[in-house]
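So the structure is just underneath, and the comments pick up after that.
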Amino acid sequence: MDPLTHGDVKAAADRIAGRVRPISLAPFDDGLPGREVWLALEFLQHTGSFKARGAQNFIQAHRDAGTLTDAGVAIASGGNAGLACAWAAGQQGLPATVFLPGTAPPVKVAKLRQYGADVRLIDGEYTEALGASQNYAERTGALLAHAYDHPLIAAGAGTLLEEIRHHLPGMDTVVVAVGGGGLFAGVATAARHHGIRTVAVEPEHCRALNAAIEVGHPVDVPVDSVASDSLGARRTSAMALHAATDDSVRSVLVADADIIRTRRALWDHHRIIAEHSAATALAALTSRQGPPTHGYRPADGEKVCVVLCGANTDPADLVCPTNP
């Protein structure tokens, strides 16, 4: 597969213009003077996550090429990519069959069914769901989409960096959570073109990209994190690893305890209900002291934007019951 280019991201931006919600930004006071931090509220996107961008780009590109079929689209997902795919396919009047690990959050399963998707729950992790989706596509002729390892998906995700840059001229750094690497690959490719640093953040026990960087090639890793429903890829994509080899990229880890604490703080102090994956990105800036591989400390005067990537979560553990 050829490396993703800034031209791919620009083409995606043209293709999905008017079909996705523009980025919304909010200032974030982290209590430390001398640096400027913003939050990109991409959880306000259609279907509740950035995944709508890649899904729209994928579906529109295939529509333009005349390669959509009556069998619809099939995809394996932890939930968010499936939601986006079902939504984008529905706009073309196409059926979507979504394969999920049996451990997928019920809130995502219910929302998928609201979009009219045919939901197939598979024993095991994302990898097993992926295999089932591939078998289904071969058997039925459905167009096989991918949650992250496809240039159209990654390029669509990268369009949010183009929008952020328009609103934040002079931005130094963008911070994103990493699962399989679609969001990271798209954002890092666009950021590199504009001379912007990318910080790739993963849970310490769900570190597919970080491990691939260490050994120089994609490698299977254990998946054991509170954020694994969204960031639980066992292996990163070659496309993401290629994007990570640039000097403008830094890979860092965060502990689950910091992810949980940051998600709670987003609700307590900002009334933002975010997925653990979204909190993972911000936890890099707010985490307590840890090993050198953990967290990211911006320099004085650094202008940083943190992407809050999704909010398809059950808020029951955040919102306290009100008194009668």
Side-chain angles (χ1 to χ4, degrees), residues 28-32 35 37 39-40 42-43 49 78-80 101 103 105 125-126 148 173-181 183-184 187-188 197-215 219-236 240-241 244 249-270 272-299 302 304-318:
F28 178 74
D29 182 5
D30 62 359
L32 296 177
R35 63 193 197 186
V37 180
L39 302 179
E42 189 62 3
F43 58 83
S49 87
N80 284 345
T103 56
E125 299 175 354
Y126 168 78
Y148 58 86
T173 305
V174 61
V175 183
V176 295
V178 184
L183 173 63
F184 163 74
V187 167
R197 177 187 301 106
T198 302
V199 177
V201 190
E202 296 172 278
E204 61 183 349
H205 299 303
C206 197
R207 50 183 287 268
L209 179 64
N210 184 266
I213 293 170
E214 281 187 356
V215 301
V219 60
D220 285 351
V221 298
V223 174
D224 183 16
S225 170
V226 68
S228 61
D229 64 309
S230 294
L231 306 181
R234 198 181 299 168
R235 175 182 288 237
T236 197
L241 178 58
V249 172
R250 179 171 173 185
S251 171
V252 303
L253 305 175
V254 291
D256 270 15
D258 285 320
I259 296 171
I260 294 168
R261 181 179 55 80
T262 300
R263 179 172 176 264
R264 163 59 67 178
L266 279 169
W267 168 250
D268 287 343
H269 303 305
H270 304 280
I272 291 175
I273 296 176
E275 292 183 31
H276 287 103
S277 58
T280 296
L282 185 58
L285 270 65
T286 62
S287 63
R288 301 186 174 116
Q289 285 297 112
T293 56
H294 284 51
Y296 179 74
R297 303 291 179 266
E302 189 170 348
V304 180
C305 184
V306 180
V307 179
L308 300 186
C309 55
N312 290 314
T313 186
D314 185 348
D317 59 344
L318 290 174

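Only heavy atoms go into these numbers, but all of them, side chains included; no hydrogens, no water, no symmetry mates. If you read the sequence from its start, that first residue is 1, and numbering goes on from there. A quick note: this is a predicted structure, and the numbers were derived from the prediction, not measured.
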Would the distance check show the side chain of Glu202 and the main-chain N or O of Ala208 forming a donor-acceptor pair, the cut-off being under 3.5 Å? yes
Closest non-hydrogen contact found for Val223 with Arg234 is CG2-CA, 3.9 Å
For Val307, which of Val174, Leu282, Val187 qualifies under side chain to side chain contact (heavy atoms under 4.5 Å, CB included)? Val174
Could you list the residues that satisfy side-chain contact (heavy atoms from CB on, under 4.5 Å) with Ala188, not counting sequence neighbours? Phe184, Thr198, Ala243, Val249
Arg264 to Asp317 - nearest heavy-atom pair and separation: NH2-O, 2.7 Å
Glu275 side chain vs Ser230 backbone, donor-acceptor pair below 3.5 Å: no
Say you draw a straight line from CG of Leu253 to NE2 of His294; how long is it, rounded to the nearest 0.5 Å? 5.0 Å
Apply side chain to side chain contact (heavy atoms under 4.5 Å, CB included) to the pair Thr280 and Val254, showing each step before the final yes or no. CA-CA 7 Å; Thr280 296; Val254 291; 3.8 Å; yes
For a 4.5 angstrom cut-off between non-hydrogen side-chain atoms, does Leu285 reach Phe28? no
For residues Ser225 and Asp256, report the shortest heavy-atom separation together with the two atoms involved. OG-OD1, 2.9 Å
In the structure I gave you, are the side-chain heavy atoms of Arg263 and Leu318 within less than 4.5 Å of one another anywhere? yes
For a quick test of reading the model, state the closest non-hydrogen atom pair linking Gly295 to Val252 and the distance between them. O-CG1, 3.4 Å
Under 4.5 Å between any side-chain heavy atoms of Val306 and Val201, yes or no? no
Taking all heavy atoms of Arg35 and all of Pro298, pick out the closest pair and write down the distance. NH1-CD, 2.8 Å
Reported CD-to-CG distance for the pair Glu125 and Asp229, which is rounded to 0.5 angstrom: 12.5 Å
Is any side-chain heavy atom of Val226 less than 4.5 Å from a side-chain heavy atom of Ile260? yes
Working to the nearest 0.5 Å, report the span between CD1 of Ile259 and CD of Glu204. 8.0 Å
Taking atom CZ of Arg197 and atom CZ of Arg250, what is their separation to the nearest 0.5 Å? 9.0 Å
Within this structure, what is the CH2-CD1 distance for the pair Trp267 and Ile273, rounded to the nearest 0.5 Å? 4.5 Å
Donor-acceptor contact present, side-chain Thr236 to main-chain Gly180, <3.5 Å: yes
Please lay out, stage by stage, how Leu266 and Leu308 fare under the test side chain to side chain contact (heavy atoms under 4.5 Å, CB included). CA-CA 10 Å; Leu266 279 169; Leu308 300 186; 4.3 Å; yes
Is Pro203 close to Leu231 at the side-chain level, that is, under 4.5 Å between some pair of heavy atoms? yes
State whether the side chain of Thr262 and the backbone N or O of Asp258 hold a donor-acceptor pair below 3.5 Å, judged by distance alone. yes
Which pair of non-hydrogen atoms, one from Cys309 and one from Ser277, has the smallest distance, and what is that distance? SG-OG, 3.7 Å
My understanding is that only residues two or more places apart in sequence, or in another chain, count here; which of them pass ring-ring contact (aromatic ring centres under 6.0 Å, His included) with Tyr296? none
